[in-house]
Amino acid sequence: MKDLIIVESPTKAKTIKNFLGNQYEVIASKGHIRDLPKQTFGIKIDNQNFVPEYKIDASHEQIVKELKKLAKGAKQVYIATDEDREGEAIGFHIATAIDKDPHKLPRIVFHEITQKAIEDSLKHPRFIDMDKVNAQQARRLLDRIVGYRLSPLIASKIQRGLSAGRVQSSALKIIVDREKEILDFKPVVYYQIKSSFNAESSVIEAELVEFKGKKLDKLSIKTEKEAKEIVQSLKNAKFILEKIENKRRKTATPPPFMTSTLQQSASSLLGFSASRTMQSAQRLYEGVMTHKGSMGVITYMRTDSLNIAKIAQDEARKLIAKTYGKEYVPSKPKVYTTKAKGAQEAHEAIRPTLMDFTPQVAAQYLKGDELKLYTLIYKRFFASQMQDAEFELQNLWIQSDVALLKAGGRKLVFDGFYRVLGNEDKDKLLPPLQVQSTMELKKCSEEKCETEPPARFSEASLIKTLESLGIGRPSTYAPTISLLTSRDYITIEKKQIKPQEVAFKVIELLEEHFNEIVDSKFTANLEEKLDEVAESKQDWQKLLWEFYEPFIQKISEGKSSIQSQKLAIPTGELCPLCGKELVRRSSRYGEFVGCSGYPKCKYIKKEENPSNEELEDFGVCEKCGQAMVKKRGRNGEFLACSGYPKCKNAKPLKPTQKSAPQKLENVQCPKCGGDILERNGRYGKFYSCGNHPKCDFIAKFPPINQKCPKCGSLLMRRTFRNKPILECSNPECKERMDDTP
């Protein structure tokens with residue numbers, strides 16, 4: 001009998017199997033095998049208790065049967081799902097599905113998929129942590145309650161197909177609020193003074209920091225007149241070098257990656273979306289081919305921890321000393337702490353598992369996205385364990401009787417971690433100068449500037465904001481952005497996230513009637529309470545009821561109190577029937593222009609030439625003579641009368657082309673002697689008697705003037721298994737023969 005290890009991913013199963021050999025059977029559950037039903041609410045609520053009605057998904061029924069069979073014959077069963085709450089819950093559902101006690105089934109965890117890590121975990125199994133399971137269950141039920149109770153209400157009040165979610169809606173509000181800032185932004189005009197001085201054989205750029213005893217900031221000079229007066233004063237002034245400041249400054253090493261910072265850096269440096277980053281990271285974690293065989297080359301990638309295993313630190317320090325020299329190794333290992341709220345999902349930062357699997361070596365085994373992402377992770381981890389970079393900074397203070405200017409320069413003294421990450425900033429060196437020496441003004445001019453609106457969010461900056469506010473957790477960032485995109489709440493153009501018109505409507509409704517759903521503090525507070533559930537400090541049933549009771553009350557009231565806000569875009573035209581403004585709306589059948597006074601006024605405008613494709617002539621209606629137009633319905637595009645709703649004539653956009661039947665020469669019907677005609681049907685060409693319907697002869701292939709030796713019916717010429725054959729046209733006679741000369 002073998003021991004059975006159940007993991008989530010087939011790739012992970014294969015990698016672990018390679019380490020452990022034949023004494024273990026390793027099989028994948030392929031993710032969640034039980035979940036709430038998709039078509040129903042799936043939660044029974046009785047006396048403030050929430051009972052989830054989990055079901056085995058149809059796609060996993062065969063897997064569950066196989067798991068049960070293997071578990072029944074196994075010596076010992078180990079649950080080895082991922083180490084976060086999601087993995088803990090999957091392990092619980094697996095144990096339940098295979099009829100094992102979740103409280104007694106051994107559970108192993110590991111941060112990396114290497115032979116040592118797997119063998120160590122088998123030596124120190126634990127049991128499933130029900131507090132983590134309950135935290136995940138509470139999150140799942142919270143999201144189901146919001147999604148299945150709030151989404152239909154929003155869809156009924158604004159537009160079909162809309163949805164709301166606990167994390168999704170909070171994230172959308174952040175995006176919408178930023179867009180409102182941009183739309184409401186009013187630029188402020190200010191002026192900058194640009195000055196340069198001759199010094200030795202170089203030119204020094206200087207910034208005006210004080211004029212006539214008044215300190216200046218960015219927006220101090222507001223008019224062109226004032227700017228020109230300052231420029232003229234500077235041109236007439238004499239300058240001396242009042243003071244030289246020299247000091248050294250260190251630039252601290254960056255911490256290793258956690259989920260959010262990996263997604264941010266991959267977005268900024270590689271142009272990867274959050275979902276693309278996580279897909280590549282998943283493959284690197286589960287197992288790829290290396291110079292030491294198949295194994296995971298990075299640690300677990302859903303983490304908000306910055307801890308690093310001591311053995312990994314020691315190996316990195318040795319390799320840094322060997323590769324770059326001892327001066328690049330700090331006296332003590334670098335230790336980092338996360339600022340993320342509630343950080344506790346995993347125990348290590350994202351790092352390479354094999355220190356000698358350098359990007360140069362990896363290039364022999366990895367390609368495309370995987371190689372790019374692995375290189376990013378590898379370099380960031382090694383940089384985090386190196387010495388700080390050190391700069392020499394120099395400031396020059398240039399004085400006149402009316403003004404004080406400042407010039408700065410710097411020089412990289414020790415590159416430290418820049419040796420791995422590189423340094424894009426070029427040294428800006430100042431020439432050697434003497435205090436109290438005369439400075440010659442070379443050029444001075446004013447420059448008109450305007451303040452700029454805040455930038456739209458990129459995926460990277462949105463994830464950073466969500467993390468700082470405590471909204472969501474490492475596993476939720478990528479799915480949240482993907483969901484907002486798929487629901488057409490946002491578009492991502494040139495890395496900028498732009499909310500659509502419907503997003504403003506949804507957030508407006510939620511802010512007015514369900515403010516807690518879009519309140520970042522409320523959402524973050526819920527996340528903290530879920531963390532408390534995982535730490536056995538909060539009862540998950542109580543948490544759900546405290547949210548559910550007031551929420552459902554608002555839903556009930558909203559069905560009658562919230563007025564319909566069907567999305568409508570003003571067109572600037574007036575209704576010819578009632579004089580109200582015409583608006584463009586969306587319906588299940590596409591866009592149309594109608595009266596804003598609906599339902600009292602049901603006018604719908606006949607749109608002429610709304611797009612290039614509709615300039616086509618589709619003919620006239622056979623019933624009323626008006627033009628036919630192309631429309632889109634639930635079954636695709638079709639032609640409809642432009643006089644709708646008075647005339648409701650409609651027909652297919654591309655009717656089946658039925659050409660006139662073609663007579664076959666020298667072939668007669670074997671039943672009645674009539675002509676054989678070639679016709680076009682809904683399923684293609686066919687051949688029938690010209691005396692139809694009196695004669696019912698029909699054939700799928702073209703008959704020839706040659707009779708079957710068996711029954712006397714006409715033979716048909718066709719191809720069978722790439723060979724020409726003759727086949728009897730009589731379906732009751734299955735005679736076939738070669739059609740060879």
Side-chain angles (χ1 to χ4, degrees), residues 152 154-163 486-489 491 498 500-506 508-509 562-662 677-686 688 692-693:
I154 290 177
S156 68
K157 300 298 181 180
I158 299 179
Q159 181 178 300
R160 286 174 60 91
L162 298 182
S163 70
S486 65
R487 294 285 185 182
D488 292 326
Y489 283 130
T491 57
K498 183 178 180 181
Q500 299 301 289
E501 182 67 28
V502 68
F504 289 87
K505 278 286 184 185
V506 170
E508 182 182 331
L509 184 148
I562 299 175
Q563 293 185 349
S564 178
Q565 302 176 33
K566 294 293 184 181
L567 189 64
I569 303 172
T571 63
E573 300 177 65
L574 298 179
C575 174
L577 298 182
C578 70
K580 290 189 176 181
E581 187 172 21
L582 295 181
V583 292
R584 182 174 295 277
R585 301 181 187 272
S586 294
S587 74
R588 63 192 299 181
Y589 302 116
E591 287 191 345
F592 68 95
V593 173
C595 181
S596 59
Y598 180 87
K600 290 183 178 180
C601 178
K602 297 182 179 180
Y603 173 77
I604 295 176
K605 180 185 176 184
K606 170 190 166 184
E607 289 198 83
E608 298 179 359
N609 302 336
S611 63
N612 289 335
E613 63 178 5
E614 297 205 4
L615 291 173
E616 300 177 52
D617 182 6
F618 295 109
V620 296
C621 176
E622 311 93 88
K623 293 184 178 180
C624 68
Q626 295 192 64
M628 297 293 284
V629 294
K630 182 166 66 173
K631 293 190 176 182
R632 179 177 294 277
R634 67 175 70 184
N635 297 318
E637 293 179 331
F638 66 98
L639 293 181
C641 179
S642 58
Y644 180 87
K646 290 182 179 180
C647 178
K648 298 181 179 180
N649 183 31
K651 59 184 180 181
L653 176 64
K654 296 179 180 179
T656 305
Q657 299 296 322
K658 295 185 178 180
S659 56
Q662 301 293 319
L677 303 179
E678 180 185 282
R679 300 178 182 271
N680 283 319
R682 63 184 301 182
Y683 300 113
K685 291 181 179 180
F686 69 97
S688 67
H692 178 81

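Since this is a predicted model, take the numbers as computed values, not measurements.
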D488: what forms a side-chain contact (heavy atoms from CB on, under 4.5 Å) with it, not counting sequence neighbours?
none
Give the minimum heavy-atom separation between K157 and I562, together with the two atoms involved.
NZ-O, 2.8 Å
Spacing of L574 atom CG and K580 atom NZ [to the nearest 0.5 Å]:
12.0 Å
List the atom of A627, the atom of S642, and the distance in Å for their closest heavy-atom pair.
O-OG, 2.7 Å
Starting from the C-alpha separation in whole Å, work towards a yes-or-no answer on side chain to side chain contact (heavy atoms under 4.5 Å, CB included) for L509 and I158.
CA-CA 9 Å; L509 184 148; I158 299 179; 4.0 Å; yes
Could you list the residues that satisfy salt bridge (charged side-chain N to carboxylate O under 4.0 Å, His left out) with E508, not counting sequence neighbours?
none
Could you tell me the separation between the CG atom of N649 and the SG atom of C621, rounded to the nearest 0.5 Å?
4.0 Å
By side-chain hydrogen bond (donor to acceptor under 3.5 Å, both in side chains) - contacts of Q626 (at least two apart):
none
In this structure, CG of L677 is separated from NE2 of H692 (nearest 0.5 Å) by 10.5 Å
Just verifying a value: how many Å separate F504 CZ and Y489 OH, rounded to the nearest 0.5 Å?
13.5 Å
How far does SG of C601 sit from CG of L582, to the nearest 0.5 angstrom?
8.5 Å
Distance from M628 atom CE to F638 atom CZ, nearest 0.5 Å?
9.0 Å
